[in-house]
Peer 1: 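This structure is in structure tokens; I'll ask about it shortly.
Note that ligands are numbered from 1 as they come in the structure, with each ligand's atoms numbered from 1 the same way. None of these values were measured; they are calculated from a predicted model.
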Amino acid sequence: MLMSIPRFSLTESLARELVQTYQTPLYVMDENGFRKRIRAYLAAFSKAYDKTEISFATKANSTIGIIKIAAEEGCHIDVASEGEFRAALAAGTPAAQCHLHGNNKSRAEIEFALEKGIGTIVIDHFDEINTVASIPRTITDFVLRLAPGVDPHTHSRISTGQSDTKFGFNISDGSAEKALLLAQKNGLKVKGFHCHVGSQLLDPEAQRAGGEALATFAVEMLRKHAFATEYLNVGGGLGARYLDSDKPMPVEQYCQLVVESIRPILEANNLHPVLAQEPGRALVAEAGVTLYTVGVVKSVPISEGQKRTYVSVDGGLADNPRPALYEAKYTVERIAKQDHEWEYVTDGPGCAAVVPVGDMVVTVSGRHCETDQLFSDITLPADIKAGDILQVRTTGAYNASMASNYNRYQRPSMVLLHPDGTHNLIARRDTWDEMFVRELDLGNK
Ligand SMILES: Cc1ncc(COP(=O)(O)O)c(C=O)c1O
């Protein structure tokens, strides 16, 4: 059962070993936890319905070593760009096991995918139908992405199911029906429909509504155009626990809800398609943590008699943009204390060296040139100091895959912990040479 798989957390001794071996900032992935989550999801979905397919949404974590595990466990692989598709191929995934998304795929991207024999392309707009039809292809299945007109009540930047969206064909204004007819007219083998209502769904009601809308549309297409759908994909979206207070629905219940939103509508019309989901976060987020080293602890006045303590770490916006993008919250804890004792300076020059006791609420900030509050309202031991190691939980999804070199910082390494206790890097920190290799010396042209 997914919810009984604990959120991954390191022991102090392992954290120390990893920091010593690989330095910080460091993404740490738990292979065992990732595999268990995939198995739990696969089992829950196939218990709820007899013809199922799970794709791993690589946007959540497109590191080749991670995709490889997902494919080994029997997932199909969902890619949203040529880059993610190339990562899937590099992981040894057969192209036929991949499906390509994207609201603005380039012709070159589509040509590459078709040339490699991608299994499915999820078509997002009318021009794409014409583009695909004009490119020679052997066999590829096509799925139409639909906007079901459902508001998922999650952060606006990860809401995609509503009618006002750049993704897919609206059902409500007749675009979805027209798209099916145009695709068929162009000789594309449409196998079914797709929708993704949003991410980090803690209230899965929207997913139920999305499933119903998809199934109802499929039945309408059967009645009006004798189109018998073979495939319905309700996307990803199940939430992860970033904080102890986050309570996503257990995966068995979630899969049942998805199936129950669709099955009665289909059965009443003798449709029996493959049901598919493409989770990212629910599989991989809780299987990862990030380790940072504290560099600076600083208290500043914020109003009369009030202070804020900033604890600055050796990472931030560039390795985890989610707090800045989505106001995302995380669980942050001190996992290892700096070994050697040194003097405390608690309040600026001239202060007595007093070791504070108890806990305090701080703002953990990054090292980038923004006034970032990477993690706000975090309770840490009051003696937190430079050299201490912080662990941030639930960073396995949308951290490494969204990382940048902002401020010319090298992106962190990623280490994979194996079930037998060994570990190895699956992505290493950028080297300085790599950081500049793309750039042209215009003086020497
Ligand atoms: C089309 C599509 N499928 C799947 C996903 C994966 O979502 P999640 O990681 O929330 O499961 C996303 C996320 O944006 C998406 O846009």
Peer 1: Establish, yes or no, whether the cationic atom of Arg393 lies under 6.0 Å from the six-membered ring centre of Phe8 and within 45° of the ring axis.
Peer 2: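 No, Arg393 does not lie over the aromatic ring of Phe8.
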Peer 1: Is there at least one pair of N or O atoms, one from Gly237 and one from ligand 1, spaced under 3.5 Å apart?
Peer 2: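 Checking ligand 1 against Gly237, an N or O pair does fall under 3.5 Å apart.
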Peer 1: Which atoms of ligand 1 have any heavy atom of Gly236 under 4.0 Å away?
Peer 2: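 Counting from 1, the qualifying ligand atoms are 4 (C), 11 (O).
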Peer 1: As a check for students: among Lys59, Gln277, His101, identify the option with a heavy atom nearest to atom 2 (C) of ligand 1.
Peer 2: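 It is Lys59 that holds the nearest heavy atom.
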Peer 1: Tell me whether the centres of the aromatic rings in Phe167 and His101 are closer together than 6.0 Å.
Peer 2: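 Between His101 and Phe167, which both carry aromatic rings, the centre distance is not below 6.0 Å.
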Peer 1: Salt-bridge test for Arg428 and Glu434: reply yes if a basic N is under 4.0 Å from a carboxylate O, no otherwise.
Peer 2: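 Looking at Glu434 together with Arg428, the answer is yes, because their closest N to O distance falls below 4.0 Å.
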Peer 1: For Ser199, take its heavy atoms, then give the atoms of ligand 1 lying under 4.0 Å from any of them.
Peer 2: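 Counting atoms of ligand 1 from 1, those under 4.0 Å from Ser199 are 7 (O), 8 (P), 10 (O), 13 (C), 14 (O).
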Peer 1: Kindly confirm or rule out a cation-pi arrangement of Lys329 over Tyr242, judged by NZ or CZ under 6.0 Å from the six-membered ring centre and within 45° of its axis?
Peer 2: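 Here Lys329 fails the 6.0 Å and 45° test against Tyr242.
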Peer 1: Are any of the side-chain heavy atoms of Ile171 and Phe169 separated by less than 4.5 Å?
Peer 2: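 Ile171 vs Phe169: side chains apart.
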Peer 1: Does Arg411 qualify as a cation-pi partner of Tyr406, given the criterion of NZ or CZ under 6.0 Å from the six-membered ring centre and within 45 degrees of its axis?
Peer 2: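 Not flagged: Arg411 not positioned over aromatic ring of Tyr406.
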Peer 1: Non-hydrogen atoms of Ala282 versus ligand 1: any pair closer than 4.0 Å?
Peer 2: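 No heavy atom of Ala282 comes that close to ligand 1.
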Peer 1: In this structure, does ligand 1 have an atom that sits under 4.0 Å from one of the heavy atoms of Pro279?
Peer 2: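 Contact check Pro279 vs ligand 1: positive.
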Peer 1: Please confirm whether Arg86 makes a cation-pi placement over Phe112, using NZ or CZ under 6.0 Å from the six-membered ring centre and within 45° of the ring normal.
Peer 2: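 Yes, Arg86 and Phe112 form such a contact.
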Peer 1: Backbone or side chain, does any N or O of Arg145 fall under 3.5 Å from an N or O of ligand 1?
Peer 2: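 Looking only at distances, the answer is no, because the N/O contact criterion of under 3.5 Å is not met.
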Peer 1: Which is it for Tyr398 and ligand 1 at heavy atoms under 4.0 Å: side chain, backbone, both or neither?
Peer 2: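 For Tyr398, only side-chain atoms sit under 4.0 Å from ligand 1.
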Peer 1: Using a strict 4.0 Å threshold on nitrogen-to-oxygen distance, state whether Lys224 and Glu220 make a salt bridge.
Peer 2: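 A salt bridge links Lys224 with Glu220.
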Peer 1: Could you see which bit of Ala57 sits under 4.0 Å from ligand 1, with heavy atoms only: side chain, backbone, both or neither?
Peer 2: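 Ala57 to ligand 1: side-chain contact only, backbone stays beyond 4.0 Å.
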Peer 1: Is any N or O atom of Arg281, backbone or side chain, closer than 3.5 Å to an N or O atom of ligand 1?
Peer 2: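 N/O-N/O distance under 3.5 Å: yes.
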Peer 1: Counting only heavy atoms, which portion of His196 has something under 4.0 Å from ligand 1: side chain, backbone, both, or neither?
Peer 2: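 For His196, only side-chain atoms sit under 4.0 Å from ligand 1.
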